[in-house]
Amino acid sequence: MSGLNDQQRTAVRHVHGPLLVFAGAGSGKTRVITYRVAHLIQSGVAPWHILAVTFTNKAADELRERLVHLIGRDAGGVHVGTFHSQCLRILRRDIQRLGWEPDFSIYDADDQLRMVKQAMADLAIPLTSISPAAVRNEISRAKDELASPHVYSERAEGYFRELTAKVYHRYQALLRNAQAVDFGDMIWLAVRLLREDGEARAFYQGRFRFILVDEYQDTNHAQYALLRELAGPGANLCVVGDDDQSIYSWRGADLRNILDFEHHFPNASVVKLERNYRSTQRILRASNAVIAKLERRSAKTLWTEREAGGPVQIIEAFDEEDEARQVLGEVREIAAVRGLARREMAIMYRTNAQSRPFEELFVRLGVPYQLVGAIEFYNRKEVRDVLAYLRAVANPRDLVSFERIVTVPKRGIGATTLAALRQWGAAVGLAPGEIARMLAAPGGAPARLADLPLQPRATKALAQLGHVLVTLDALAAELPVAQLITRLVQETGYHEVLDNDPERPDERWENVVALGAAAEKYDEFGPRESLARFLHEAALVSDPDNFAAGTDAVTLLTFHAAKGLEFGAVFMVGMEEELFPHIRSYEDPVQMDEERRLAYVGITRAKDVLYCAYARHRSGWGSPVRFPSRFLQDIPPELLAYKRRLDALPGIPAAGLVVGPDAAPARQPPPSERSIRDGQRVRHAVFGEGLVVSGSITKFDEEITVMFEGVGLKKLAVSFAKLEVIR
DNA sequence: GGGGTTGACACCTCG
DNA sequence: TGTCAACCCC
């Protein structure tokens, strides 16, 4: 408690009733959450009565880690997870109460798209008339609002919405038949369970007596409804958030949840955390300048007692490769000269695709890095194929998975056969996967399949697939999931598919092996259970989050993924018009505001140094000639300094940022004489103890060379490397 | 009717 | 850069 300021302490000590914590960036939010959990436990609340909900897996992991650090073993009892993982737990336990099988499949955005296309095909709506992806998004938004197909239809106006309403009806029926839920359904079904089933409601309200929600500004209506039901009349609900950091409206986030909290929960207490402990003054001023241009926001003024710090360093690059080169040069520079650990550095970008040139260069230079999120592991074709097999085994009604495995390997079953199968199956209440299995029955196909309208050749091919599935079913009853994967690859012929891959068979194999390795930790649950758990949890993983913890690597991630994190040095790259702000936000001022908040999130991740890079030329999509982002231009010139600037480029119009005069001399006024003498011993956070061997005063700083034990010679900037002189 | 090939086209952010 | 639909051949 002693390390907390008054506002933080108030929030931590609050026990009963609703509490809203407005927590500005870097104001010690996570600290408040962890301390509050500790305080609750200290006041006699059992850990398993506490539920902490975060937005991303990464945030959940981090919170769990911090709790272990703070309260030790009790932390294991606290329920920590994302909204979706908590709903998954609820559904795994109780979905049968809603009339679903426990082996339901979880459909991600990709699977959803297939189902939308299927629904459109069923309704004879041409794929060219409305975009299936747009329809999928619209359906997801409807689910965020808990609007059923029926409710949606009543409100639907205009060409697109009226068609979407029809597709939505059909889509939902297809999901139901496939025993599948999408991400929206996961929240919704949990809400329904709590609303409709008094026994279940009593159980969960009794279990989760104290609820904490992080990033509350990013919750949607369905999530609000869930919290409302879980919290019950006692409403020991503590929400923490910052409207300035709302960046998920495209996922249905509704700012009213946080802005109207006191209205939703009338006796709520409110605490504002406005002191920033993270960033230097210049970084904080830069962030304030960017966010100040927003019109609608709750009044907050962040302040800091930290030192002024250096200016925001601008890097102007020729193109995306040059940008990566310059940024990596700077990464190596501050690692070597300032002694900053690589884990304290992050490169942030608007879109995942931007990571590529950086990754290539990191690999080439042998600099350790870790990539968060991205074109992930679970989106690899081979990984999805194997998962589709597993899902088809776990849930024989799963349509998307069945149709995926039908063609890997090629079996002589095509679109026509599948369409006939689906149609006939729907009439008699059988899923294609079930029909295939029945065709493979030992005594021949049962009589109810007599009028299956297929050519003999197609029937035979389908029976063969059915045989494979029956074999896998039997294996799944005996083997835990990791071993099942090994056998599956052989039994299904997927082995040959990989070997004959024209592109990168080795890499694909490695991914399949890695999937098996990821499955191993579920083996302890035994044959069927390990399969179900693995599939359900794999569906919620959005990034290969199990990077070797503790390795000293530079982090590469999107601004979205960076929320909630902090780094000593942040490189915001691709700071160009049409990229950030993203071109898709240009027509809509609401979306443009969200881009601005995203920029604010990026800037406020930085503790000590902030670099912003932009290229004058970028290949690929968008215009090739680029201009610096408006967000950079919104930062007062005196806070900016060019670290690197290009000479005039032939054929490219000049465009630079206005950089103020006071920015030039970097950080604090340079020291006039040396403060650390040769021969003194110093301690460094990363390198340990060392002996000062030489030093000098440069234009901006005092630099010393230190011999560290077991590390070697390092050149350090005194104002930056937090050195402790040992007497 | 299946499957290979080719050409067009889109590609933001996440559980 | 990869995916997907249209097209044509077997």
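Computed from a predicted structure; not experimentally measured. In what follows, chains are A, B, ... by sequence order, proteins preceding strands, each numbered from 1.
- Computed from coordinates, the A:Gln118 CD to C:dC4 P distance equals 15 Å when rounded to whole Å.
- Centroid-to-centroid, the aromatic rings of A:Phe559 and A:Phe580 come within less than 6.0 Å.
- Atom pair A:Asn57:CG and B:dT13:P shows a separation of 17 Å (rounding to whole Å applied).
- Here A:Arg597 lies out of heavy-atom contact (under 4.0 Å) with every strand.
- Straight-line distance from the CG atom of A:Leu557 to the P atom of B:dT13: 12 Å, rounded to whole Å.
- Contact between the side-chain N/O atoms of A:Asn352 and the OP1/OP2 oxygens of B:dT13 is found at a separation under 4.0 Å.
- Ring geometry for A:Phe183 against A:His84 counts as perpendicular: the plane angle is over 60°, on a 0 to 90° scale with 30° as the lower cut.
- If you take CZ of A:Arg251 and P of B:dT13, they are 13 Å apart, rounded to a whole angstrom.
- Classification of the A:His560-A:Trp250 ring pair by plane angle, with boundaries at 30° and 60°, yields perpendicular.
- One interatomic measurement links the two molecules: CD of A:Glu359 to P of C:dT1, which rounds to 13 Å at whole-angstrom precision.
- For A:Thr417 and B:dG1, the shortest distance from a side-chain N or O to OP1 or OP2 is not below 4.0 Å.
- When the side-chain nitrogen and oxygen atoms of A:Thr558 are compared with OP1 and OP2 of B:dC12, none of them lie within a distance under 4.0 Å.
- A:Arg422 and A:Gln118 share a donor-acceptor pair across their side chains, judged by distance under 3.5 Å alone.
- Residue A:His582 and nucleotide B:dC12 are classified as a stacked aromatic pair, their ring centres being separated by less than 5.5 Å at an interplanar angle below 30°.
- For the OP1/OP2 pair of C:dA5 and a distance below 4.0 Å, the side-chain nitrogens and oxygens of A:Lys117 include at least one atom meeting the criterion.
- You cannot call A:Tyr248 stacked on the base of B:dT13; the centres under 5.5 Å and planes under 30° rule is not satisfied.
- Side-chain proximity of A:Lys410 to the nucleotides B:dC12, B:dC14, B:dG4 is greatest for B:dG4.
- Each of A:Ala415 and A:Glu594 lies near DNA chain B, and the nucleotide nearest A:Ala415 is the one positioned closer to the 5' end.
- Residue contacts shown for A:Leu579 are absent, as no nucleic acid heavy atom lies under 4.0 Å away.
- Residue contacts shown for A:Phe55 are limited to sugar-phosphate atoms, with no base heavy atom under 4.0 Å away.
- The interatomic distance linking A:Leu556 (CG) with B:dT13 (P) rounds to 14 Å, in whole Å.
- Ring to ring, A:His495 and A:Trp509 are close: their centroids are under 6.0 angstrom apart.
- At a threshold of 4.0 Å, the pair A:Arg597-A:Glu594 counts as salt-bridged, since one of the basic side-chain nitrogens sits closer than that to a carboxylate oxygen.
- When heavy atoms are screened at a 4.0 angstrom cut-off, A:Thr407 is found touching no nucleic acid atom at all.
- Between A:Gly414 and A:Arg584, it is A:Gly414 whose nearest contact on DNA chain B lies nearer the 5' terminus.
- Rounded to whole Å, the distance from OH on A:Tyr349 to P on B:dC11 is 20 Å.
- Judged by distance alone with a 3.5 Å cut-off, a donor-acceptor contact links the side chain of A:Arg350 to the base of B:dC12.
- A straight line from CG of A:Asn137 to P of B:dC12 spans 11 Å, rounded to a whole angstrom.
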